[in-house]
Amino acid sequence: EKKTKLFHISTKGKESSLYINEQDYNKAINICAVAAYALKIDILTYCMMSNHVHFAVCSTSKDNVTRFIQRFKITYSRYFNVEHQSEEIFRNIEISVKEIDSIQYLRHCIAYIMRNPVEAGITGNADQYRWSSYNCYFNRFTPPAGAKPASSFPKKRLKELLGTHTDMTGSKIYISKDGNIIPETFINRKLVEKIYDNSREVMSRFIARINYAAMEYELAYSGHTFQDSEIMNIASALSQKWYNKNLSILDAKERIKMIKILKIKYKANAYQISRVLGFERKMVEET
């Protein structure tokens with residue numbers, strides 16, 4: 001049985017907007033939901049920014065994750081071209097697919113994705129942005145008036161409504177009276193809530209405190225740095241070598257001794273070291 005892995009997907013920014021109106025945003029969300037279902041991708045969170053997109057997903061195959069974002073790009077580009085008589089909007093836009101190798105990093109990654117609109121100055125708080133999955137969590141889902149489950153539609157009608165050849169009648173999605181897929185019905189809400197200890201307060205705290213610049217740096221240079229799991233293995237090996245103890249039982253003074261070697265020899269950044277060793281980032285930076 002293949003192991004489920006976690007990934008952060010993003011596209012580079014584009015000078016012009018990817019969306020002209022609300023219909024475009026809704027279409028993009030529909031397309032990602034259909035592509036995820038077709039490729040057996042589990043979407044944890046998303047954020048449709050005006051010039052780029054982010055997803056955190058689960059899958060057993062990195063190839064499928066790459067196919068997912070490529071399908072999203074191609075399908076949305078074709079829609080945009082027809083709807084606005086414009087170029088294929090995602091043409092030549094690079095994508096990044098980064099594996100997430102620890103739950104701690106996943107917490108930071110999801111918080112980073114949902115903080116994007118705040119950092120861009122679009123909204124004061126993440127919950128004010130309509131085009132991310134933020135408001136899908138920690139709410140009891142009640143289908144809005146006129147919404148229907150996909151299973152209640154004839155197969156042909158559902159394909160016409162969503163503009164796809166994928167048969168969605170077996171999915172758990174709900175369609176609004178306007179013909180849009182309701183995000184709460186394709187996002188893995190329960191897993192995200194569990195990641196944040198089933199607490200909206202914990203999730204909000206991560207979003208408020210996330211070091212956005214450090215995450216941007218890690219994405220930009222993800223091919224040139226160690227992953228968290230590798231830094232964890234290095235720190236564990238040092239713990240055994242220096243103290244003959246497991247990393248988890250080292251005291252603060254013993255862990256502090258590791259900071260410089262992880263910085264200098266292994267090029268780990270302060271944000272990554274803080275996750276692995278359990279320190280505040282500012283303290284790691286000053287050490």
Side-chain angles (χ1 to χ4, degrees), residues 6-36 41 43-57 65-66 68-81 83-84 86-98 100 105-137 180-184 186-188 192 203-204 206-222:
L6 302 159
F7 300 90
H8 178 191
I9 311 168
S10 62
T11 66
K12 286 195 173 179
K14 186 177 174 65
E15 291 183 8
S16 58
S17 180
L18 299 170
Y19 318 98
I20 304 298
N21 51 40
E22 289 190 10
Q23 177 182 303
D24 294 348
Y25 281 102
N26 283 318
K27 185 66 176 180
I29 291 169
N30 284 359
I31 288 169
C32 81
V34 171
I41 301 293
I43 298 179
L44 303 183
T45 193
Y46 69 83
C47 186
M48 305 291 179
M49 295 294 289
S50 63
N51 70 337
H52 67 285
V53 299
H54 286 279
F55 299 96
V57 305
V65 173
T66 302
F68 162 76
I69 189 60
Q70 289 174 338
R71 176 168 170 166
F72 172 81
K73 282 177 55 181
I74 291 168
T75 307
Y76 182 76
S77 291
R78 287 173 179 166
Y79 155 80
F80 193 91
N81 189 22
E83 189 68 23
H84 301 293
S86 180
E87 65 177 11
E88 291 192 0
I89 198 73
F90 269 114
R91 185 189 296 275
N92 299 325
I93 297 297
E94 294 182 23
I95 61 172
S96 168
V97 178
K98 177 180 173 61
I100 300 168
Y105 188 85
L106 180 60
R107 290 190 185 110
H108 287 274
C109 179
I110 292 174
Y112 161 79
I113 290 172
M114 292 192 287
R115 187 172 171 80
N116 262 251
V118 179
E119 289 291 325
I122 299 170
T123 61
N125 295 295
D127 64 344
Q128 297 170 340
Y129 191 65
R130 292 179 58 192
W131 311 114
S132 83
S133 56
Y134 179 92
N135 289 308
C136 293
Y137 316 112
N180 296 312
I181 296 175
I182 298 172
E184 288 92 334
F186 71 85
I187 294 295
N188 191 331
V192 173
M203 184 175 78
S204 297
F206 267 88
I207 294 171
R209 295 179 179 176
I210 190 73
N211 187 320
Y212 191 86
M215 289 293 291
E216 290 274 276
Y217 177 87
E218 287 191 1
L219 285 175
Y221 296 97
S222 61

> Is the His54 ring parallel, tilted or perpendicular to the Tyr112 ring (thresholds 30°, 60°)?
Replying inline: perpendicular
>> Check whether Thr123 reaches the backbone of Tyr129 with its side chain - one donor and one acceptor, N or O, closer than 3.5 Å.
In response: no
> Minimum heavy-atom separation for Ala56 to Ile110, with atom names?
Replying inline: CB-CG1, 4.1 Å
>> Are the side chains of Tyr46 and Trp131 in contact, using a 4.5 Å heavy-atom criterion?
In response: no
> Phe72 and Phe55: ring-ring contact (aromatic ring centres under 6.0 Å, His included), yes or no, with the steps?
Replying inline: CA-CA 11 Å; Phe72 172 81; Phe55 299 96; 5.6 Å; yes
> With sequence neighbours excluded, what pairs up with Asn125 under the side-chain contact (heavy atoms from CB on, under 4.5 Å) test?
Replying inline: Asp127, Gln128
>> For Asn26, is there any backbone N or O sitting under 3.5 Å from a side-chain donor or acceptor partner on Asn180?
In response: no
>> Working to the nearest 0.5 angstrom, can you tell me the gap between Lys27 NZ and Glu83 CD?
In response: 9.0 Å
>> Once rounded to the nearest 0.5 Å, what's the spacing between atom NE2 of His8 and atom OG1 of Thr45?
In response: 9.5 Å
>> To the nearest 0.5 Å, what is the distance between CD1 on Ile95 and CZ on Phe90?
In response: 10.5 Å
> Taking C-beta and beyond as the side chain, do Tyr137 and Ile187 meet within less than 4.5 Å on heavy atoms?
Replying inline: yes
>> If I compare all heavy atoms of Ile43 with all of Cys32, which pair ends up nearest, and what's the gap?
In response: CD1-O, 3.8 Å
> How many angstroms lie between CG in Leu18 and CD1 in Ile93, if you round to the nearest 0.5 Å?
Replying inline: 7.5 Å
>> Contact between Thr75 and Val34 at the side-chain level, heavy atoms closer than 4.5 Å - yes or no?
In response: no
> In Å and rounded to the nearest 0.5 Å, what is the CD1 to CD1 distance from Ile181 to Ile29?
Replying inline: 9.5 Å
> Is the closest side-chain heavy-atom distance between Val192 and Arg107 below 4.5 Å?
Replying inline: no
> If you round to the nearest 0.5 Å, how far is CD1 of Ile9 from CD1 of Ile100?
Replying inline: 9.0 Å
>> Tell me every residue that passes ring-ring contact (aromatic ring centres under 6.0 Å, His included) with Tyr79, counting only those two or more places apart in sequence or in another chain.
In response: Tyr76
> Relative to each other, are the rings of His108 and Phe206 parallel, tilted or perpendicular (30° and 60° limits)?
Replying inline: perpendicular
>> Among residues at least two apart in sequence or on other chains, which ones pass side-chain contact (heavy atoms from CB on, under 4.5 Å) with Ala208?
In response: none
> In chain order, what residues pass the salt bridge (Lys or Arg N to Asp or Glu O under 4.0 Å) check against Glu22, with sequence neighbours excluded?
Replying inline: Arg130
> Between Ser50 and Ser17, is a side chain to side chain donor-acceptor pair (under 3.5 Å) present by the stated rule, with each step listed?
Replying inline: CA-CA 5 Å; Ser50 63; Ser17 180; 5.1 Å; no
> Tell me the salt bridge (charged side-chain N to carboxylate O under 4.0 Å, His left out) pairs involving residues 113-123, sequence neighbours left out?
Replying inline: Arg115-Glu119
>> Closer than 3.5 angstrom, by distance alone: can the side chain of Asn81 be matched with the main-chain N or O of Ser77 as a donor-acceptor pair?
In response: no
> With side chains defined as the heavy atoms from C-beta onward, is the minimum distance between Tyr19 and Met48 less than 4.5 Å?
Replying inline: yes
> Taking side chain as C-beta onward, heavy atoms only, is Ile122 less than 4.5 Å from Met49?
Replying inline: yes
>> The criterion is side-chain contact (heavy atoms from CB on, under 4.5 Å); which residues satisfy it with Ser204, sequence neighbours excluded?
In response: Tyr134, Arg200
>> Quick check: closest heavy atoms across Ile207 and Ile210, and the distance to 0.1 Å?
In response: O-CG2, 3.3 Å
> Short question: side chain of Thr11, backbone of Val53 - any donor-acceptor pair under 3.5 Å?
Replying inline: yes
>> Are the side chains of Cys47 and Ser133 in contact, using a 4.5 Å heavy-atom criterion?
In response: no
